[in-house]
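Single-structure report; data block below.
Everything numeric in this text was worked out from a predicted model, so none of it was measured. Within every chain, numbering begins at 1; the chains are lettered A, B, ... in the order of the sequence lines, protein sequences first and strands thereafter.
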There are 2 protein chains.
Amino acid sequence: MSETIQGLAVELKQTFLDYLASKGLKNTTQRMIILEVFLEQKSHLSTEELYLKVRGKNPKVGYATVHRTLKLFAECGIAAERHFGDGQGRFELVHGEDHHDHLVCTGCGLILEFENPQIEELQEDVARQHRFTIENHRLELYGLCPACASK
Amino acid sequence: MSETIQGLAVELKQTFLDYLASKGLKNTTQRMIILEVFLEQKSHLSTEELYLKVRGKNPKVGYATVHRTLKLFAECGIAAERHFGDGQGRFELVHGEDHHDHLVCTGCGLILEFENPQIEELQEDVARQHRFTIENHRLELYGLCPACASK
DNA sequence: ACATAATTGAAAATGGTTGTCAATATAAAC
DNA sequence: GTTTATATTGACAACCATTTTCAATTATGT
Ligand SMILES: [Mn+2]
Ligand SMILES: [Mn+2]
Ligand SMILES: [Zn+2]
Ligand SMILES: [Zn+2]
């Protein structure tokens with residue numbers, strides 16, 4: 001069950017509710033609407049983009065609330081904020097412990113994800129060589145996707 | 001001679017002058033002051049930081065001119081703009097074809113540089129697997145430097 | 001020196017993000 | 001259910017790095 005889309009959504013929602021409770025925060029209609037809409041979308045959405053989707057479902061929700069709620073998602077670990085050089089933050093769902101990096105098409109904005117354990121290991125080597133304690137990293141490859149390259 | 005610091009400075013200045021000429025742009029006092037001060041500093045300076053240094057030498061130079069000139073440096077290839085997540089662009093000198101990535105201390109802001117050909121190769125593999133034509137990439141490792149880790 | 005076009009610096013505009021605050025909603029206590 | 005204390009909301013303003021505007025100035029070719 002925890003492998004299905006439905007099960008995942010339930011799990012993430014519970015994580016969020018637990019986080020709210022643990023911090024003495026309140027479970028509001030707006031937060032639930034925003035979470036539901038967020039779960040329906042594909043990843044890498046900007047605040048603005050999610051705000052427009054949320055308005056489609058409930059026009060009374062304000063931009064600031066969407067933004068604050070996305071920050072909360074990131075705080076409790078169900079979402080991560082990313083920056084791909086277009087000057088605005090984008091949020092994506094986080095599933096458990098998986099980590100991935102990104103290929104970004106500078107032509108059409110397409111974002112692909114990849115995992116490469118060898119690169120991760122080499123990064124750790126680099127960190128060790130410099131006696132750095134790594135907290136996180138970012139690796140992004142920018143270029144043209146096949147479709148854009150053939151134009 | 002082209003290996004000495006002096007020789008390098010002369011070379012970069014010439015590259016810039018050639019770029020100006022090729023674009024029908026003008027060689028001004030401000031641009032030369034900004035280039036000279038930029039060459040004297042260590043890398044990864046923000047516009048604001050360089051602006052303050054330039055004012056020390058000539059208080060009449062404006063912030064916008066410093067910013068526009070840094071953009072010109074980047075355009076002609078003698079500088080590169082970087083972003084390390086603190087919300088402001090930073091510029092560094094570019095020497096020839098070398099490429100490097102960065103370790104960034106989240107404690108004190110220290111920035112170390114490293115080169116890792118194996119990682120570069122693996123990145124190319126990833127790009128090939130997805131039929132992407134890579135134009136550039138960014139790899140940054142964030143964490144604590146030895147000094148900050150031992151506090 | 002003259003003409004043309006680029007440059008400059010001060011100030012305002014921009015745009016994503018974050019802060020303010022009075023009105024409202026939540027959840028626990030009564 | 002009612003009261004009470006506290007968190008939340010949404011409209012708006014503030015923030016801040018960056019970019020644009022524009023009249024005055026400067027560089028360059030003739
Ligand atoms: Mn992703
Ligand atoms: Mn560097
Ligand atoms: Zn594309
Ligand atoms: Zn440090």
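- The distance between atom OH of B:Y63 and atom C1' of C:dA12, rounded to the nearest whole Å, is 15 Å.
- One atom, OH of B:Y51, and another, P of D:dT18, lie 14 Å apart when rounded to the nearest Å.
- Applying the 4.0 Å criterion to OP1 and OP2 of C:dT18, one finds that A:R68 has every side-chain N and O outside that range.
- A sub-4.0 Å separation between OP1 or OP2 of C:dT26 and a side-chain N or O of A:T29 is present.
- Following rounding to the nearest Å, B:E49 (CD) and D:dT18 (C1') show an atom-to-atom distance of 16 Å.
- Taking atom CE on B:M32 and atom P on C:dT7, their separation rounds to 12 Å, with Å as the unit.
- Nucleotide C:dG16 holds its C1' atom 14 Å from the NE2 atom of B:H83, rounded to whole Å.
- Listed nucleotides: D:dT18, D:dA27, C:dA6. Nearest to the side chain of B:L25: C:dA6.
- Other residues, nucleotides and ligands contribute more than 12 heavy atoms inside 6.0 Å of the CZ atom of A:R128.
- Residue B:T28 places its side chain closer to D:dA27 than to any other of D:dA27, C:dG9, D:dG10.
- Look at B:H67 and you won't find any side-chain N or O under 4.0 angstrom from OP1 or OP2 of D:dA17.
- When the nearest nucleotides of DNA chain D are assigned to A:G62 and B:A64 by heavy-atom distance, the more 5′-ward of the two goes with A:G62.
- Of the candidates D:dT19, D:dT28, D:dT9, D:dT19 carries the atom nearest the B:K71 side chain, counting heavy atoms from C-beta on.
- Between B:E92 and B:R82 there is a salt bridge, with a side-chain nitrogen of the basic residue lying less than 4.0 Å from a carboxylate oxygen of the acidic one.
- The side chain of A:V61 lies closest to D:dG10, out of C:dA10, D:dG10, C:dT17.
- Of the N and O atoms on the side chains of A:H44 and A:E113, at least one donor lies less than 3.5 Å from an acceptor on the other residue.
- Side-chain nitrogen and oxygen atoms of B:Q88 include none within less than 4.0 Å of the OP1 or OP2 phosphate oxygen of D:dA17.
- With B:D101 as the fixed residue, the side-chain contact (heavy atoms from CB on, under 4.5 Å) test singles out one of B:E120, B:E140, B:R138: B:E120.
- Contact annotation for A:Q30: backbone-only contact, meaning every heavy-atom pair under 4.0 Å involves sugar-phosphate atoms and none involves a base.
- The residues A:E36 and A:K13 are annotated as salt-bridged, a charged nitrogen and a carboxylate oxygen being separated by less than 4.0 angstrom.
- Rounded to an integer number of Å, the gap from B:L17 CG to D:dT28 P is 10 Å.
- The phosphate of C:dT8 has OP1 or OP2 within less than 4.0 Å of a side-chain N or O from B:R31.
- Residues A:H137 and A:Q123 have side chains that bring a donor and an acceptor to within less than 3.5 angstrom of each other.
- One atom, NZ of A:K23, and another, C1' of D:dT6, lie 17 Å apart when rounded to the nearest Å.
- Atom CD of B:E48 and atom C1' of D:dT19 are 15 Å apart (whole Å).
- Residue A:K26 has its side chain nearest to D:dA7 when only D:dT9, C:dA10, D:dA7 are considered.
- Nearest-nucleotide mapping onto DNA chain C: of B:R55 and A:T47, the residue sitting toward the 5' end is B:R55.
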